[in-house]
Q: 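Sharing a structure, written as structure tokens. Questions coming.
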Amino acid sequence: KGRLVKIIENYDYILSVGAFFEDEEFRNSLKKAIKNSATFIYMHPIDNFELKDFYDQFIKYEVASEEAILALIFNFFAKNLPKEQKDFLENLDIGYLSAESSAGEEEFEEAFVKFEEASKRALFVGDDLINHERVENIVKLLANIKKYTDFELIFSDKTFEEKVNSCSDLSLDEIDDLQTFNGTLVYFINIENNEKLIASQTFLNISKLKSGDMASFKIDDKIYKKEVVLDKNLLGTIALISNPTSNYRFAKIVLNKEQN
């Protein structure tokens with residue numbers, strides 16, 4: 001982790017994907033880079049209130065659409081491509097991917113303007129991608145981005161970094177149709193100190209719960225029972241849960257209110 005903290009501060013343009021920056025050390029080094037006048041573009045399904053004063057642009061994308069998002073990044077930032085990669089991008093339905101992932105083409109264009117003005121550019125790759133069901137193609141997309149764009153890749157996870165660095169097959173698969181995640185979701189964050197389910201007002205309204213209620217829900221045959229508490233700064237239909245997970249970090253849940 002120390003290695004990363006040092007590295008982030010060296011860039012004047014940072015685009016992050018699949019990272020929520022719940023880790024305070026990462027967040028602080030990011031803030032330091034921004035103080036040194038770096039441009040920071042934050043891409044994630046959840047707008048992190050802690051980053052609001054620091055990012056230049058927030059690009060919100062749909063849960064599970066990371067493969068499409070990386071294809072869009074590749075499309076907007078790549079240069080000097082060989083025929084195979086050119087053909088891949090020519091066959092991409094950019095309008096469809098953009099609409100389905102909710103990340104607008106004009107948002108990428110805006111991000112690219114700042115990219116061109118910068119001299120040392122980083123793509124920060126977070127943990128959300130590691131257990132995505134399309135991880136094989138995600139690794140190939142990242143390997144292509146590394147090779148054919150001016151981004152240097154920074155990874156929050158060393159093992160995942162090695163996977164991308166040792167990827168020798170750059171031929172990309174077609175982007176999978178995007179799944180829809182409607183209803184209430186949870187996002188597993190890497191902070192061990194909170195036993196509660198942190199929810200937005202919208203989330204509570206949909207679940208017909210009040211802050212302070214106990215609720216149970218099931219993910220992959222495991223039953224969780226948590227107190228649900230309101231965080232006024234959180235928006236949307238995704239609640240935060242502090243548990244390690246070996247699966248994709250977002251999960252769909254149905255909450256049942258428990259008697260306190």
Q: Compute whether any side-chain donor of one residue and acceptor of the other, for Q85 and N144, lie under 3.5 angstrom apart.
A: yes
Q: With a 4.0 Å cut-off on N to O distance, would you call E90 and K86 a salt bridge?
A: no
Q: Let me check something: do L153 and F115 share a hydrophobic cluster, defined by ILVMFWY side-chain heavy atoms less than 4.5 Å apart, either directly or through other members?
A: yes
Q: So if you build clusters from Ile, Leu, Val, Met, Phe, Trp, Tyr with side-chain heavy-atom gaps below 4.5 Å, do I206 and I253 land together?
A: no
Q: So does E152 pair up with K146, basic N to acidic O under 4.0 Å?
A: no
Q: Going by an N to O cut-off under 4.0 Å, is there a salt bridge joining D87 and K83?
A: yes
Q: Whether the side chain of D169 engages the backbone of S171 through a donor-acceptor N/O pair (distance < 3.5 Å, no angle test) should be reported.
A: yes
Q: Look at the rings of F76 and F108 and say which category their plane angle falls in: under 30° parallel, 30 to 60° tilted, over 60° perpendicular.
A: parallel
Q: Between I130 and Y248, is any pair of side-chain heavy atoms under 4.5 Å apart?
A: no
Q: Can S102 and E62 be counted as having a side-chain donor-acceptor contact under 3.5 angstrom?
A: yes
Q: With no hydrogens and no angle check, is any side-chain donor or acceptor of D56 less than 3.5 Å from a backbone partner on T39?
A: no
Q: Which label fits F250 and H44: parallel for a plane angle under 30°, tilted from 30 to 60°, or perpendicular past 60°?
A: tilted
Q: To the nearest 0.5 Å, tell me how far I73 CD1 sits from M43 CE.
A: 5.0 Å
Q: Less than 3.5 Å apart, any donor N or O on the side chain of K147 or N80 sitting next to an acceptor on the other?
A: no
Q: State whether D213 and K257 are salt-bridged, where the test is any N-O pair (Lys NZ or Arg NE/NH1/NH2 against Asp/Glu carboxylate O) under 4.0 Å.
A: yes
Q: Please report the closest heavy-atom contact between L185 and F181, naming both atoms and the distance.
A: CD2-CD2, 3.7 Å
Q: What I'd like to find out is whether the side chain of K79 reaches to under 4.5 Å of the side chain of Y148, using heavy atoms alone.
A: no
Q: What's the shortest heavy-atom distance between A19 and D128, and which atoms?
A: N-OD2, 4.3 Å
Q: Are F49 and L234 side-chain neighbours, meaning at least one heavy-atom pair lies under 4.5 Å?
A: no
Q: Same hydrophobic cluster for L72 and L15, using side-chain heavy-atom links shorter than 4.5 Å among ILVMFWY?
A: yes
Q: A side-chain contact here means heavy atoms from C-beta on lying under 4.5 Å apart; do V164 and F155 qualify?
A: yes
Q: Is the shortest heavy-atom distance from the side chain of Q57 to the side chain of E107 under 4.5 Å?
A: yes
Q: Does the side chain of F40 come within less than 4.5 Å of L51's, by heavy atoms?
A: yes
Q: Within the side chain of T245, is there an N or O that forms a donor-acceptor pair under 3.5 Å with the backbone of N247?
A: yes
Q: I'd like to know if F74 and F124 are part of one continuous hydrophobic network [Ile/Leu/Val/Met/Phe/Trp/Tyr, side-chain heavy atoms within less than 4.5 Å].
A: no
Q: Suppose we call two aromatic rings close when their centres sit under 6.0 Å apart. Are F21 and Y55 close by that rule?
A: no
Q: Consider side-chain contact (heavy atoms from CB on, under 4.5 Å). Of L170, D173, V135, which one does K140 pass it with?
A: D173
Q: Answer yes when K60 and D47 have at least one side-chain N-carboxylate O distance shorter than 4.0 Å, and no when they do not.
A: no
Q: Could you go through the salt bridge (Lys or Arg N to Asp or Glu O under 4.0 Å) check for E174 and R134 one step at a time?
A: CA-CA 11 Å; E174 220 174 293; R134 296 282 298 164; over 6 Å; no
Q: Shortest non-hydrogen contact from L97 to A71?
A: CD1-CB, 4.3 Å
Q: Could you walk me through whether T184 and K252 pass the side chain to side chain contact (heavy atoms under 4.5 Å, CB included) check?
A: CA-CA 6 Å; T184 44; K252 206 170 165 160; over 6 Å; no
Q: Quick one: closest heavy-atom pair of I69 and V17, and the distance?
A: CG2-CG2, 3.9 Å
Q: Within a reach of under 6.0 Å around NZ of K225, are more than 12 heavy atoms found that belong to other residues, nucleotides or ligands?
A: no
Q: Between F217 and Y224, how do the two ring planes meet: parallel, tilted or perpendicular, split at 30° and 60°?
A: parallel
Q: Hey, is K31 close enough to E25 for a salt bridge, meaning N to O under 4.0 Å?
A: no
Q: May I ask you to decide if S246's main-chain N or O and N131's side chain share a donor-acceptor pair within less than 3.5 Å?
A: yes
Q: Go through the steps for L123 and I154 under the test side chain to side chain contact (heavy atoms under 4.5 Å, CB included), then give the verdict.
A: CA-CA 6 Å; L123 177 66; I154 306 178; over 6 Å; no
Q: Does S207 use its side chain to pair, donor to acceptor, with the backbone of L204 at less than 3.5 Å?
A: no
Q: Got a sec: does the NZ of K210 have more than 12 other heavy atoms crowding it under 6.0 Å?
A: no
Q: Do D127 and N190 have side-chain N/O donor and acceptor atoms under 3.5 Å apart?
A: yes
Q: Do L142 and F160 come within less than 4.5 Å of each other through their side chains, counting heavy atoms only?
A: yes
Q: Measure from the side-chain N and O atoms of S65 to the backbone N and O of A68, and report whether any donor-acceptor pair falls under 3.5 Å.
A: no
Q: Go through the steps to decide whether L197 and E227 satisfy the test side chain to side chain contact (heavy atoms under 4.5 Å, CB included), and finish with yes or no.
A: CA-CA 6 Å; L197 187 68; E227 182 187 346; over 6 Å; no
Q: Is there a continuous path of hydrophobic side-chain contacts, each under 4.5 Å between heavy atoms, that joins I41 to F54?
A: no
Q: Is a side-chain donor-acceptor pair under 3.5 Å present for E116 with Y13?
A: no
Q: Look up atom CD in E66 and atom CG in L129, then write down how far apart they are to the nearest 0.5 Å.
A: 5.5 Å
Q: Under the side chain to side chain contact (heavy atoms under 4.5 Å, CB included) criterion, do Y42 and I14 qualify, and how do the steps go?
A: CA-CA 8 Å; Y42 170 60; I14 300 156; over 6 Å; no
Q: Closer than 3.5 angstrom, by distance alone: can the side chain of S200 be matched with the main-chain N or O of L235 as a donor-acceptor pair?
A: no
Q: For residues E105 and S98, report the shortest heavy-atom separation together with the two atoms involved.
A: N-OG, 3.3 Å
Q: Between K226 (side chain only) and E195 (backbone N and O only), is there a donor and an acceptor less than 3.5 Å apart?
A: yes
Q: Show the nearest heavy-atom pair for residues A33 and I8, with the distance to one decimal.
A: CB-O, 3.7 Å
Q: Would K158 and E161 pass as an ion pair if we require N to O under 4.0 Å?
A: yes
Q: Mind telling me whether F151 and F77 have parallel, tilted or perpendicular rings, with 30° and 60° as the class edges?
A: tilted
Q: Do E84 and F88 have side chains that get closer than 4.5 Å, going by heavy atoms?
A: no
